[in-house]
Structure formats: C-alpha cells, structure tokens
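Below, all heavy atoms of this structure are taken into account, side chains as well, without hydrogens, waters or symmetry copies. Only a predicted model underlies this, so the values are computations on that prediction, with no experimental measurement involved.
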Amino acid sequence: MEFLTNTHLFGILLSVASFYGIAYFRDKLKANWLNPLMASIGLIIGILLLLNIPFDHYMKGGSVIHAFLGPVTVVLALPLYRNWKLLNAHKYSILGGISSGVFAAIISVILLGRLFNLNEILERSILAHSVTTPIGIGISDSLGANEGITVLSIMITGIFGVIIAPTLYRLLRIVHPVAKGIGLGTTAHAIGTTKAIEMGEQEGAMSSLAIGVAALTTVLVVIILQFFQWY
C-alpha cells in the first residue's frame with residue numbers, strides 16, 4: 001500500500017476524485033446544501049483514517065495543489081476585467097454593500113458576545129468569521145485570539161452561507177448578479193465564491209472582488225477598534 005500512497009500522484013488524484021465525485025452526486029441528487037469543497041475535506045480525512053494512511057503521504061500531492069492556490073487566486077482577476085463596465089456602473093452600491101456587510105458581521109459578534117457573556121478569547125476568535133482564512137488568522141493573531149477557533153468559525157460561516165444563499169435569494173427575489181455576488185463574497189468569502197461562480201461569471205467576479213475589499217475593510221475596522229482601545 002505504501003508504494004501507492006507515498007507518491008505525489010496519490011494526493012492529487014484523491015483530492016480531484018473527491019471533489020468531482022461529490023460534485024457529481026450533488027448535481028445528481030440536486031442537493032444544493034452539499035458543498036464539494038467542504039465535503040471533500042471530510043471525505044479525504046475519513047479515507048486517510050480508515051486506511052491508516054499517513055498525512056505526510058497525502059501532502060506529497062496535496063502540497064502540489066497548495067502551490068497553485070496563489071496563481072488561482074490571481075486568475076480571479078480575469079472575470080473582474082471582463083466585467084469592468086458592470087463593476088464601474090455599480091461601484092457605489094458595491095462599496096456600500098461590502099461595507100455594510102463587514103460592519104454587520106463585526107457588530108453582531110460584539111453585541112451577541114456581550115449578550116451571551118462569551119469568553120473574551122472566544123469572542124475575539126470569531127470576530128473575523130466572514131473574511132478569507134489567511135486574513136482571518138492574521139486578525140486573530142493581532143487580537144491574541146485562538147487561531148483554531150478562528151479557522152473553524154470561517155469554515156462554518158462559509159458553509160452556512162453557501163447553503164442558505166440560494167434560498168434567501170429566491171425568497172427575497174434577489175436576481176441581480178452584482179447583488180448576489182457581493183452578498184456571497186462578503187459573508188461567505190472563498191467558499192461563497194465557489195458558489196457564486198456556479199451561478200454565473202458576473203456573480204463570480206463580484207464575489208471575488210468582495211473577498212478582497214471585505215478583508216481589507218475588516219482589517220481597518222479592527223485596527224481602529226484597537227487604536228481607540230474599544231476592543
């Protein structure tokens with residue numbers, strides 16, 4: 001078994017097969033709640049534990065995929081370029097939507113944390129739940145919070161956002177691609193963007209933009225809170 005698993009090809013094939021396998025069953029069963037990105041993580045962990053495969057074996061191929069994360073993120077600029085006119089036409093609405101989403105995410109954590117008397121470390125750890133993981137970890141470090149809880153809160157937020165977004169859009173009759181993309185990117189970050197791309201190129205472009213702007217805005221808000229010693 002080791003000569004099969006202790007190769008770069010094993011990690012790559014397992015990752016790709018898990019993702020597209022789950023995506024196939026999601027489409028077949030019409031289970032919109034089943035997110036291939038998150039479900040494949042659980043599936044891969046289960047396979048490694050069940051077959052007693054060392055994590056280092058998987059990461060030989062997993063590291064290859066990880067190396068492409070940076071270039072893939074840059075590629076998200078392409079749909080933005082293609083939809084520049086749409087972005088420019090709605091720039092004020094986009095900035096207003098992202099800013100209001102960021103403030104709502106931060107204020108809701110602070111108010112609910114005080115209401116339910118949450119532990120201070122726990123409250124700080126989930127403050128950055130609506131930004132992409134690398135930025136969230138940075139914010140968590142600056143606040144002296146728990147990185148593990150921060151990453152978990154980011155994952156839960158993304159999954160929950162992807163699950164409820166289609167239903168909310170339908171109930172609230174939100175059909176404009178800009179509104180749909182900005183909503184997903186601001187609240188559900190990278191995981192939400194995968195869903196936005198499925199909805200359409202314009203939705204994906206707006207969601208990609210929202211990830212960066214929301215992360216920057218969140219960092220600025222946290223800096224202001226720390227400067228005035230409000231948090």
Side-chain angles (χ1 to χ4, degrees), residues 32-42 45 69 73 76 94-169 172 174 179-198 203-204 206-228 230-231:
N32 293 325
W33 54 269
L34 186 60
N35 184 272
L37 181 62
M38 301 312 303
S40 59
I41 293 175
I45 292 173
L69 290 180
T73 302
L76 291 175
I94 290 171
L95 291 175
I98 295 174
S99 299
S100 61
V102 169
F103 282 105
I106 293 176
I107 292 173
S108 63
V109 169
I110 295 175
L111 292 180
L112 291 173
R114 305 297 160 82
L115 177 64
F116 292 102
N117 196 28
L118 287 182
N119 177 281
E120 184 178 349
I121 297 298
L122 178 59
E123 184 178 316
R124 293 186 177 205
S125 298
I126 62 177
L127 190 68
H129 66 282
S130 283
V131 300
T132 190
T133 303
I135 302 297
I137 291 175
I139 294 174
S140 181
D141 286 340
S142 70
L143 293 173
N146 186 296
E147 288 185 11
I149 296 176
T150 299
V151 172
L152 181 62
S153 68
I154 291 172
M155 292 176 63
I156 292 174
T157 300
I159 295 170
F160 187 69
V162 167
I163 292 173
I164 69 170
T167 302
L168 280 179
Y169 289 162
L172 299 177
I174 299 174
K180 293 166 75 174
I182 292 299
L184 274 167
T186 302
T187 58
H189 42 83
I191 299 176
T193 300
T194 62
K195 185 65 178 179
I197 292 173
E198 291 178 12
E203 288 88 341
M206 296 302 110
S207 186
S208 303
L209 172 67
I211 292 177
V213 178
L216 177 61
T217 306
T218 302
V219 171
L220 292 175
V221 172
V222 170
I223 291 174
I224 293 172
L225 291 175
Q226 290 180 308
F227 180 79
F228 289 102
W230 292 338
Y231 203 82

Problem set entry | side chain to side chain contact (heavy atoms under 4.5 Å, CB included) involving L168 - partner list, sequence neighbours excluded | I164
For this session: First locate atom CG of L220, then atom CG of L216, and finally report the distance between them rounded to the nearest 0.5 Å.
Result: 4.5 Å
For this session: For T186 and G183, indicate whether the former's side chain and the latter's backbone hold a donor-acceptor pair under 3.5 Å.
Result: no
Exercise. What are the two closest heavy atoms between E123 and V109, and how far apart are they?
Worked result: O-CG1, 3.7 Å
Exercise. How long is the gap from CD on E120 to CG on L143, to the nearest 0.5 Å?
Worked result: 9.5 Å
Exercise. What heavy-atom pair brings T193 and S208 nearest, and what distance separates the two atoms?
Worked result: CG2-OG, 3.8 Å
Exercise. Do side-chain atoms of E203 reach the backbone of L184 as a donor and acceptor pair under 3.5 angstrom?
Worked result: no
Exercise. Can you tell me how far NE2 of H129 sits from CE of M155, rounded to the nearest 0.5 angstrom?
Worked result: 15.0 Å
For this session: Taking all non-hydrogen atoms of both residues into account, name the closest pair between S130 and A105 and its distance.
Result: OG-CB, 3.9 Å
For this session: Give the minimum heavy-atom separation between V131 and A128, together with the two atoms involved.
Result: CG2-O, 3.3 Å
For this session: Look only at the side chain of S108 and the backbone of A104, and say whether a donor-acceptor pair between them is shorter than 3.5 Å.
Result: yes
For this session: Taking side chain to side chain donor-acceptor pair (under 3.5 Å) as the test, write out the residues that go with T187, two or more places apart.
Result: none
Exercise. If you measure from CG on L95 to OG on S100, what distance do you get to the nearest 0.5 Å?
Worked result: 10.5 Å
For this session: With sequence neighbours left out, write down each residue that passes side chain to side chain contact (heavy atoms under 4.5 Å, CB included) with I121, or none if nothing qualifies.
Result: N119, S125, N146
Problem set entry | Heavy-atom neighbours of F160 CZ exceed 12 at 6.0 Å | no
For this session: Locate the shortest heavy-atom distance separating S142 from V222; write the atom from each residue and the value.
Result: OG-CG1, 4.5 Å
Exercise. CG/L225 to CG/L127 distance, rounded to the nearest 0.5 angstrom?
Worked result: 7.5 Å
Problem set entry | Under the side chain to side chain contact (heavy atoms under 4.5 Å, CB included) test, residues paired with I223 that sit two or more places apart | V219
Problem set entry | Test side-chain contact (heavy atoms from CB on, under 4.5 Å) applied to V102 and T218, V213, I107, the passing residue | T218
Problem set entry | OG1-CG distance between T157 and L152, expressed to the nearest 0.5 angstrom | 9.0 Å
For this session: For E198, enumerate each residue passing the salt bridge (charged side-chain N to carboxylate O under 4.0 Å, His left out) test, keeping only those at least two apart in sequence or located in another chain.
Result: R26, K195
Exercise. For I154, what residues pass the side chain to side chain contact (heavy atoms under 4.5 Å, CB included) criterion, not counting sequence neighbours?
Worked result: T133, T150, H189
